[in-house]
Amino acid sequence: MGGEMTVDRIEKVKKGYVIAGEHLGELVVVNVRKLGGAKEGDIIYVEDGRVTVLEEKTRLRREEIIKLQKELSD
């Protein structure tokens with residue numbers, strides 16, 4: 001079973017990585033061997049320990065954050 005999550009934190013451990021993030025408002029922690037290019041702030045899909053970065057959703061999320069930051073600074 002897999003699911004989408006927003007990456008909040010990535011930590012290197014002996015046998016891969018621990019990724020902590022949010023899924024539907026809940027804290028999720030998963031162990032994976034490879035990051036698949038994921039970095040903090042990305043939206044990823046995790047299934048069977050494999051990470052896929054959802055590039056379009058991540059791009060839209062980052063654009064929205066930039067827009068909100070500009071609105072706050074004006």
Side-chain angles (χ1 to χ4, degrees):
M1 185 172 146
E4 288 183 19
M5 66 184 281
T6 303
V7 178
D8 291 331
R9 197 163 124 200
I10 299 173
E11 289 186 35
K12 174 80 171 123
V13 293
K14 286 185 180 183
K15 293 187 176 185
Y17 300 87
V18 174
I19 300 175
E22 293 180 31
H23 173 69
L24 301 175
E26 296 289 324
L27 175 65
V28 178
V29 178
V30 294
N31 294 309
V32 297
R33 287 184 178 218
K34 296 181 181 179
L35 289 176
K39 55 189 178 293
E40 292 174 354
D42 285 352
I43 298 174
I44 61 172
Y45 183 80
V46 180
E47 184 168 18
D48 297 328
R50 298 188 80 164
V51 174
T52 304
V53 178
L54 302 176
E55 293 179 16
E56 184 65 19
K57 286 187 176 187
T58 297
R59 183 184 62 76
L60 292 172
R61 178 180 182 272
R62 290 179 196 262
E63 287 175 358
E64 184 65 25
I65 290 170
I66 290 169
K67 179 183 169 189
L68 291 171
Q69 287 175 333
K70 284 182 181 179
E71 289 176 4
L72 288 174
S73 67
D74 289 343

Could you tabulate the donor-acceptor pairs under 3.5 Å formed by side-chain atoms of residues 19-38, not counting sequence neighbours?
residue : atom : partner : partner atom : Å
H23     : ND1  : E4      : O            : 2.5

Validation: residues 60-70 side-chain donor-acceptor distances under 3.5 Å, sequence neighbours left out:
residue : atom : partner : partner atom : Å
R61     : NH1  : G41     : O            : 2.9
R62     : NH2  : D42     : OD1          : 2.4
E63     : OE1  : R59     : NH1          : 3.2
E63     : OE2  : R59     : NH1          : 2.5

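The shortest heavy-atom contact between V46 and M5 is CG2-SD, 4.3 Å.
For E40, the CD atom is densely surrounded, since the number of other residues' heavy atoms within 6.0 Å is greater than 12.
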